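Below is one structure, written out as structure tokens, with a few remarks after it.
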Amino acid sequence: MLKIYNTLTRTKEPLVPIETGHVRLYVCGMTVYDLCHLGHARVMVAFDVVVRYLRSRFRVTYVRNITDIDDKIIARALERGEPIDVLTRRYIDAMHEDERALGVPPPDHEPRATAHLPAIIAMIGTLIDKGYAYRADSGDVYYRVRAFAGYGALSGKSIDDLRAGARVQSGEGKEDPLDFALWKAAKPEEPAWSSPWGKGRPGWHIECSAMSIECLGTHFDIHGGGPDLKFPHHENEIAQSEAATGERFVNLWMHNGPVDVDRQKMSKSLGNFLTIRDALARYDAETLRYFLLQSHYRSPLDYSEKALTAAKTSLTRLYATLEGVTPMAGAAGADHEQRFLESMDDDFNTPLALSVLFDLAHEIHKSGKDSAQAAALAFRLHRLGGLLGLLGRPPAAFLRSGGAEVLPEVEIERLIAERDLARGERRFADSDRIREELGRRGVILEDVAGGGTRWRRR
RNA sequence: GGCUGGGUAGCAGAAUGGUUAUGCAGCGGCCUGCAAAGCCGUGUAUGCCGGUUCGAUUCCGGCCCCAGCCUCCA
């Protein structure tokens, strides 16, 4: 039985799909005004693993939205003197490239705010009709927070505490400083859509309520996102959605942990963020994925060169184990598979699941790579790794990739042949000189017991 | 200040009321012409103070420290 930690109840709960056999999942995606950073990579990869695992036993509908209209986008477009749609198009494309590079398949639906204005406007209308929202003289429409009884349940905040907080500012025309915008009246040069309340654009939170409901229905299984979305974004989504529909909105709320740099959250406002591209220029995408999965998805994760290098070494062990084995389905390793699945069933405990992969690797080495036992274990290792989006390449493709200096393969092969000749004639000084030369150029040699030499890049 | 979550060996990182995490690094051995890889063996830990218990790293209370949120942020 798969259990998932629910932010709302702060306990692990069994996943029981509302519709038998079908899990509906919505994740808050990117606001496209800049390149994606490692925090975004964590959301992509964490939920990719969630979805891969869910798909192994349910039908899944996975929705991840794109916010393509908002204050920051407008500001950035103005700053660059560029039309908004050109700017957002460019960053959407960049995001898709990053996603592909990370080996994350696209979600089933990727709704964009600007393509869902009718649904957004309709929902705001409903909220006004039901007394949960009001139009201020400025033309802005606000959500009346105190009208929603459950406000603060997700983030553990009380309206009184929030009100006492010094940092909440009151906006023009708000009844209460905590009220938040559903619709923002357009200023002269801003993009605007017509609405019953005048020209304007949607507030940030309402788009996710409207789009998730449009794509998945008024009540669905899982809603996820980054750690800083819990409040106010998701809190506001609950308030909007449940007030509008009168139904429970979401059963399970999932939030991944932050990516830190130097023990501090990587964020745009702090300016300490590293883009996915920055990281991929230095490390293999699968190494980055391994690094992300080495910690539990809810824990904070500290990015460092050291950690990434260690991740590469670990992944190398797994791939090196698979090299030279022909995987073949068999009985061996059923217990390992069982442990792997139990780990994943416990709120996607990927660090524990990975440890099972290493146990499997150990067994493969022990049983001898050419044994039937090893073939069966390798088959499981490969398949279970696949559930995490790992070990999908031919081992040599991983082991021989990268390296600071790219010595052509033919040259490497030539030197190895030369060395083999020297070894055959027991001219060890010569053969060692070649090995050292290759070593200096980032190539590590491994003589295989029955003859022949394997190589990989450092 | 309020609300969450956390403090585990050299590092990373799981788990657990009494018994091996795992990976990297270290040490000894085997294997190898020598290496590399692998195998065998091995050391190092549960922030502090109380309480519950036959027994607590694990449960409870207090304290200290860290991170996140409370403002746009994944």
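Letters A, B, ... mirror the listed sequences (proteins, then strands); counts begin at 1. Just so we're clear, the structure is a prediction, and the values are computed from it rather than from any experiment. What's counted below: heavy atoms across the whole structure, side chains too, no hydrogens, waters or symmetry copies.
- When heavy atoms are screened at a 4.0 angstrom cut-off, V27(A) is found touching no nucleic acid atom at all.
- In this structure, the side chain of K369(A) engages the main chain of E323(A) through a donor-acceptor pair within 3.5 Å.
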Could you list the donor-acceptor pairs under 3.5 angstrom formed by side chains in residues 350-363 of chain A, with sequence neighbours left out?
from	atom 1	to	atom 2	distance (Å)
T350(A)	OG1	L293(A)	O	2.7
S355(A)	OG	L352(A)	O	2.7
D359(A)	OD2	R339(A)	NH1	3.2
D359(A)	OD2	R339(A)	NH2	3.0

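- Contacts of H205(A) classified as ring pair (Phe, Tyr, Trp, His ring centres under 6.0 Å), with partners at least two apart in sequence or in another chain: F180(A), H233(A).
- Just one of D447(A), D430(A), D432(A) meets the salt bridge (Lys or Arg N to Asp or Glu O under 4.0 Å) condition when paired with R419(A); it is D447(A).
- A search for ring pair (Phe, Tyr, Trp, His ring centres under 6.0 Å) contacts involving Y283(A) returns nothing, not counting sequence neighbours.
- Rounded to a whole Å, the CG atom of L293(A) is 20 Å from the P atom of U22(B).
- Residue contacts shown for Q294(A) are limited to sugar-phosphate atoms, with no base heavy atom under 4.0 Å away.
- The side chain of S299(A) places an N or O atom within less than 4.0 Å of a non-bridging phosphate oxygen (OP1 or OP2) of A14(B).
- L390(A) places its CG atom 20 Å from the P atom of U22(B), with the value rounded to the nearest Å.
- Look at S295(A) and you'll find a side-chain N or O under 4.0 angstrom from OP1 or OP2 of G13(B).
- Per the geometry, NZ belonging to K312(A) stands 24 Å off P belonging to C11(B), to the nearest Å.
- When the P atom of G2(B) is taken as reference, atom NZ of K230(A) falls 18 Å away, rounded to whole Å.
- Across all strands, D302(A) comes closer than 4.0 Å to no nucleic acid atom at all (heavy-atom distances).
- Looking at residues two or more places apart in sequence or on another chain, you find no side-chain hydrogen bond (donor to acceptor under 3.5 Å, both in side chains) involving D302(A).
- Checked against ring pair (Phe, Tyr, Trp, His ring centres under 6.0 Å), F47(A) has no partners two or more places apart in sequence or in another chain.
- Distance check on atom P: G26(B) versus A15(B) gives 28 Å, rounded to whole Å.
- Near-neighbour residues of RNA chain B inside residues 42-50 of chain A, defined by a heavy atom below 4.0 Å, number-ordered: V43(A).
- Y290(A) is linked by a ring pair (Phe, Tyr, Trp, His ring centres under 6.0 Å) to nothing, counting only residues two or more places apart in sequence or in another chain.
- Residue W204(A) places its side chain closer to C72(B) than to any other of U22(B), A36(B), C72(B).
- G29(A) comes within contact range of the sugar-phosphate backbone alone, with a heavy-atom separation under 4.0 Å but no base atom that close.
- At A37(B), none of the side-chain N or O atoms of K369(A) fall inside 4.0 Å of OP1 or OP2 (strictly under the cut-off).
- One atom, CG of L357(A), and another, P of G23(B), lie 11 Å apart when rounded to the nearest Å.
- Rounded to an integer number of Å, the gap from CD of E446(A) to P of A36(B) is 10 Å.
- As judged by a 4.0 angstrom heavy-atom cut-off over every strand, L445(A) is placed among the base-contacting residues.
- Looking at heavy-atom distances under 4.0 Å, H37(A) makes contact with a base.
- Residue K366(A) places its side chain closer to C39(B) than to any other of C39(B), C11(B), G13(B).
- Figure legend: R298(A) and Y5(A) shown as a cation-pi pair, the cationic atom lying under 6.0 angstrom from the six-membered ring centre and within 45 degrees of its axis.
- Counting to the nearest Å, the P atom of A14(B) and the CG atom of D359(A) are 16 Å from each other.
- The nearest whole Å value for the distance from the CG atom in N236(A) to the P atom in C73(B) is 10 Å.
- Taking side-chain N and O atoms only, H362(A) has a distance below 4.0 Å to OP1 or OP2 of C40(B).
- Under the salt bridge (Lys or Arg N to Asp or Glu O under 4.0 Å) criterion, the residue pairs touching residues 24-47 of chain A are D34(A)-R76(A), with sequence neighbours excluded.
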Item to complete: For each nucleotide in nucleotides 24-34 of chain B, reading 5' to 3', give B when a protein heavy atom comes within less than 4.0 Å of its base, S when such contact involves only the sugar-phosphate, and - otherwise.
Response: S--------BB

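- Pairs of residues two or more places apart, or lying in two chains, that qualify as salt bridge (Lys or Arg N to Asp or Glu O under 4.0 Å) and include a residue from residues 376-391 of chain A are E337(A)-R380(A), E337(A)-R383(A).
- Below the 3.5 angstrom threshold, one finds no donor paired with an acceptor across the side chain of K72(A) and the base of C73(B).
- If you check C39(B), A74(B), G13(B) against the side chain of H365(A), the one that comes closest is C39(B).
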Practice prompt. With pairs defined as Watson-Crick or G-U wobble and both distances under 3.5 angstrom, please note down RNA chain B as a dot-bracket string, | for pairing with another strand.
Written response: (((((((..(((.....[...))).(((((.......)))))....(((((..]....))))))))))))....

Would you tabulate the pairs of protein nitrogen or oxygen atoms and nucleotide nitrogen or oxygen atoms of nucleotides 64-67 of chain B closer than 3.5 angstrom?
from	atom 1	to	atom 2	distance (Å)
C66(B)	O2'	R263(A)	NH2	2.9

